[in-house]
Amino acid sequence: MNSNQKRILVTGGAGYIGSHACKALAAAGYTPITYDNLVYGHPWAVKWGPLEKGDILDRTRLDEVITTYRPEAVMHFAAYAYVGESVENPGKYYRNNVTGALTLLEVMRDHRIDKFIFSSTCATYGVPKEMPISEDHSQFPINPYGNSKLMVEQILKDFHLAHGIRSISLRYFNAAGADADSEIGEKHDPETHLIPLILDAATGKRSHITIFGDDYDTPDGTCIRDYIHVTDIAAAHILALEKLGSQDGACAYNLGNGKGFSVKEVIDTARKVTECDIPTQIGLRRAGDPPRLVGDSTRIRNELGWEPVFSDLTSIIETAWKWHNNRDT
Ligand code: UDP
């Protein structure tokens with residue numbers, strides 16, 4: 001570790017989005033300190049700084065790691081993120097996502113660390129009334145996962161007032177794609193996300209992809225989502241970190257491309273990219289899926305100068321496909 005570099009604690013740094021943020025941090029001259037319980041994270045994804053195994057609910061361990069590294073800011077990715085599971089087992093989500101964040105924030109307060117970047121989600125908006133969704137849209141989540149993230153956004157406002165912890169919450173739309181160098185990428189177990197499942201159907205690892213409903217009120221009847229490249233999400237975290245050097249408060253920005261693609265459009269694009277036949281089946285709607293989610297990211301573009309590099313679906317799927325074929329894990 002270069003002792004002159006600024007250290008950033010990255011909870012969940014062994015996960016999909018967290019590991020891409022670690023790569024971006026290292027490229028920007030920071031040392032990412034990954035803090036991860038490795039329940040869903042992968043040790044092989046930690047390549048740009050030390051890995052400290054630990055749980056966000058473990059105050060003693062957090063205290064120890066923060067005392068050792070004295071980070072100047074915290075990026076908090078560690079969370080459970082399966083919407084369906086959150087409905088079945090809400091306690092697991094509130095304990096980990098809310099109590100875990102609260103524990104982390106209290107340790108930060110005790111160590112006088114005052115910069116926090118939080119992985120929030122478009123799921124905090126619930127079923128949108130207007131499209132594209134801006135940050136001022138009402139927030140009425142429809143599942144415990146979205147509720148848990150919104151609760152942390154609220155805690156952040158209170159921690160700013162009481163303890164001066166400044167924060168930026170980034171509300172991601174659908175994270176997708178992989179590092180363009182294929183050093184890291186998406187690998188969940190169980191996998192529930194559309195693009196990796198489609199790529200599994202392309203390689204024959206799965207027999208087909210099930211389309212969850214084709215009777216929505218959308219042009220082709222399938223759900224529309226705003227897919228945003230994970231490297232563009234990571235880049236936003238660096239901009240947010242730099243902004244927190246001068247910006248006080250607890251604020252939130254959307255992170256999306258502002259373009260919506262239906263499930264069928266994603267499958268068609270994947271067919272072109274992979275040159276594979278991708279068998280599909282029409283299944284039932286998945287509970288809790290709004291028909292259309294598209295984000296308005298004007299605010300982060302204007303205030304932080306964020307500009308997505310992988311703004312088209314083809315390049316997002318191309319990077320995912322390259323990773324899918326190269327990964328040996
Ligand atoms: N989806 C699908 N089949 C699958 C997985 C997902 O049709 O096997 C649909 C899902 O209903 C949603 C979109 O693909 O409309 C994106 O789902 P994903 O789970 O990737 O992300 P989410 O939108 O839930 O965050």
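- Between Pro50 and Ile33 there is a side-chain heavy-atom pair separated by less than 4.5 Å.
- If you take CD on Glu183 and CH2 on Trp323, they are separated by 10.0 Å, rounding to the nearest 0.5 Å.
- Looking only at atom types and distance, the side chain of Tyr80 has no donor-acceptor partner in the side chain of Asn89 under 3.5 Å away.
- The heavy-atom pair separating Thr319 from Gly177 by the smallest distance is OG1-CA, 3.6 Å.
- Side-chain contact between Ile184 and Trp48: present, with at least one pair of heavy atoms (C-beta onward) separated by less than 4.5 Å.
- The aromatic rings of Phe118 and His76 lie parallel to each other, their planes meeting at an angle below 30°, with 60° marking the opposite boundary.
- Between Leu156 and Ser167 the shortest heavy-atom distance is CB-OG, 3.6 Å.
- The minimum heavy-atom distance linking Ser119 with Phe77 is given by the pair OG-CD2, 3.1 Å.
- In this structure, the side chain of Asp232 engages the main chain of Phe310 through a donor-acceptor pair within 3.5 Å.
- Both Val266 and Ile278 belong to a single network of hydrophobic side chains, linked directly or stepwise wherever heavy atoms of I, L, V, M, F, W or Y lie under 4.5 Å apart.
- A donor-acceptor pair is defined here as one N or O able to donate and one able to accept, closer than 3.5 Å; no such pair exists between the side chain of Asp179 and the backbone of Gly185.
- In this structure a side-chain-to-backbone donor-acceptor pair under 3.5 Å is missing from Thr269 to Thr314.
- By the 4.5 Å heavy-atom criterion applied to side chains, Arg292 and Tyr216 are not counted as neighbours.
- Contact between Ala45 and Ala14 at its shortest, heavy atoms only, is CB-O, 3.7 Å.
- Salt bridge absent: Lys243 and Glu303 never bring a charged side-chain N and a carboxylate O closer than 4.0 Å.
- In Arg95, the CZ atom is not crowded: 12 or fewer heavy atoms of neighbouring residues, nucleotides or ligands sit closer than 6.0 Å.
- When only modelled atom types and interatomic distance are considered, Asp200 and His324 share a side-chain donor-acceptor pair under 3.5 Å.
- Note that the NZ atom of Lys115 and the CG atom of Leu241 stand 7.5 Å from one another [nearest 0.5 Å].
- Counting heavy atoms from C-beta outward, Thr218 and Lys264 have side chains that stay 4.5 Å or more apart.
- To the nearest 0.5 Å, atoms CG (Leu313) and CD1 (Ile228) are separated by 13.0 Å.
- No hydrogens or angles considered: a donor-acceptor pair under 3.5 Å links the side chains of His111 and Asp63.
- With 3.5 Å as the limit, one finds no donor-acceptor pair spanning the side chains of Glu153 and Ser169.
- Taken together through direct or relayed side-chain contacts under 4.5 Å among Ile, Leu, Val, Met, Phe, Trp and Tyr, Leu104 and Ile155 form part of one hydrophobic cluster.
- Looking at heavy atoms from C-beta onward, Ser19 lies out of side-chain contact with Lys47 at the 4.5 angstrom threshold.
- Distance alone, capped at 3.5 Å, places no donor-acceptor pair between the Asn97 side chain and the Ser148 backbone.
- Taking CZ of Phe261 as the reference point, atom CG of Asp226 lies at 8.5 Å (rounded to 0.5 Å).
- Cys22 has its side chain out of reach of Val46: every pair of non-hydrogen atoms, C-beta onward, lies at least 4.5 Å apart.
- Listed for the Asn143 side chain is no donor-acceptor partner under 3.5 Å among the backbone atoms of Ser86.
- Side-chain atoms of Arg286 and Val83, non-hydrogen and from C-beta on, never get closer than 4.5 Å to each other.
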**OP:** Show your reasoning for whether side-chain contact (heavy atoms from CB on, under 4.5 Å) applies to Cys122 and Leu293.
**Re:** CA-CA 8 Å; Cys122 63; Leu293 287 174; 4.1 Å; yes
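- Looking at Lys53 and Asp58, no side-chain N of the basic residue comes within less than 4.0 Å of a carboxylate O on the acidic one, giving no salt bridge.
- Side chain of Asp55 to backbone of Asn37: no donor-acceptor contact under 3.5 angstrom is found.
- A salt bridge links Asp215 with Arg285: the closest approach of a Lys/Arg side-chain nitrogen to an acidic carboxylate oxygen falls below 4.0 angstrom.
- The structure places CD1 of Ile267 at 8.0 Å from OG of Ser262, a figure rounded to the nearest 0.5 Å.
- A donor atom on one side chain and an acceptor atom on the other are not found under 3.5 Å apart for Glu85 and Tyr145.
- Closest heavy-atom contact between Ala240 and Leu170: CB-CD1, 4.5 Å.
- Ring centroids of Tyr82 and Tyr40 are separated by less than 6.0 Å, placing the two rings close together.
- In this structure, Ile316 is not a member of the same hydrophobic cluster as Val230, with clusters built from ILVMFWY side-chain heavy atoms closer than 4.5 Å.
- Under a hydrophobic-cluster definition in which Ile, Leu, Val, Met, Phe, Trp and Tyr are linked whenever side-chain heavy atoms come within less than 4.5 Å, directly or via other members, Ile17 and Trp306 are assigned to the same cluster.
- Salt bridge absent: Arg171 and Glu135 never bring a charged side-chain N and a carboxylate O closer than 4.0 Å.
- Using a 4.5 Å heavy-atom cutoff, the side chains of Val309 and His229 are not in contact.
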Original post:
Given the rule in the side-chain contact (heavy atoms from CB on, under 4.5 Å) test, do Tyr35 and Leu62 qualify, once you have shown the distances and angles that lead to the verdict?
Top reply: CA-CA 8 Å; Tyr35 185 85; Leu62 274 170; 3.5 Å; yes
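- Linking Ile, Leu, Val, Met, Phe, Trp and Tyr residues whenever their side-chain heavy atoms come within less than 4.5 Å places Ile168 and Ile233 in a single cluster.
- Remark: side-chain polar atoms of Asn257 are not paired, donor with acceptor, to backbone N or O of Lys259 under 3.5 angstrom.
- Side-chain polar atoms of Asp248 and His160 form a donor-acceptor pair below 3.5 angstrom.
- Lys322 places a side-chain N or O within 3.5 Å of a backbone atom of Ala180 that can act as its donor or acceptor partner.
- Between His137 and Tyr125, the two ring planes are perpendicular [angle over 60°; tilted spans 30° to 60°].
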**OP:** Could you give me the CA-CA distance, side-chain angles and deciding distance for Leu51 and Leu38, then say whether side-chain contact (heavy atoms from CB on, under 4.5 Å) is met?
**Re:** CA-CA 10 Å; Leu51 166 61; Leu38 299 177; 4.3 Å; yes
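- Aromatic rings from His237 and Tyr30 are positioned such that their centres are separated by 6.0 Å or more.
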**OP:** Please lay out, stage by stage, how Ile317 and Ile195 fare under the test side-chain contact (heavy atoms from CB on, under 4.5 Å).
**Re:** CA-CA 7 Å; Ile317 297 181; Ile195 293 176; 4.2 Å; yes
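- Taking each heavy atom of Arg61 and Gly54 in turn, the nearest pair found is CG-CA, 4.0 Å.
- Not a single donor-acceptor pair under 3.5 Å links the side chain of Asp214 to the backbone N or O of Thr222.
- Between the side chain of Gln5 and the main chain of Arg7, no donor-acceptor pair closer than 3.5 Å is present.
- Between atom CG of residue Leu197 and atom CD1 of residue Ile209 there is a gap of 4.5 Å, rounded to the nearest 0.5 Å.
- In this structure, Arg109 forms no cation-pi arrangement with Phe159, as its terminal cationic atom is not both closer than 6.0 Å to the ring centre and no more than 45° off the ring axis.
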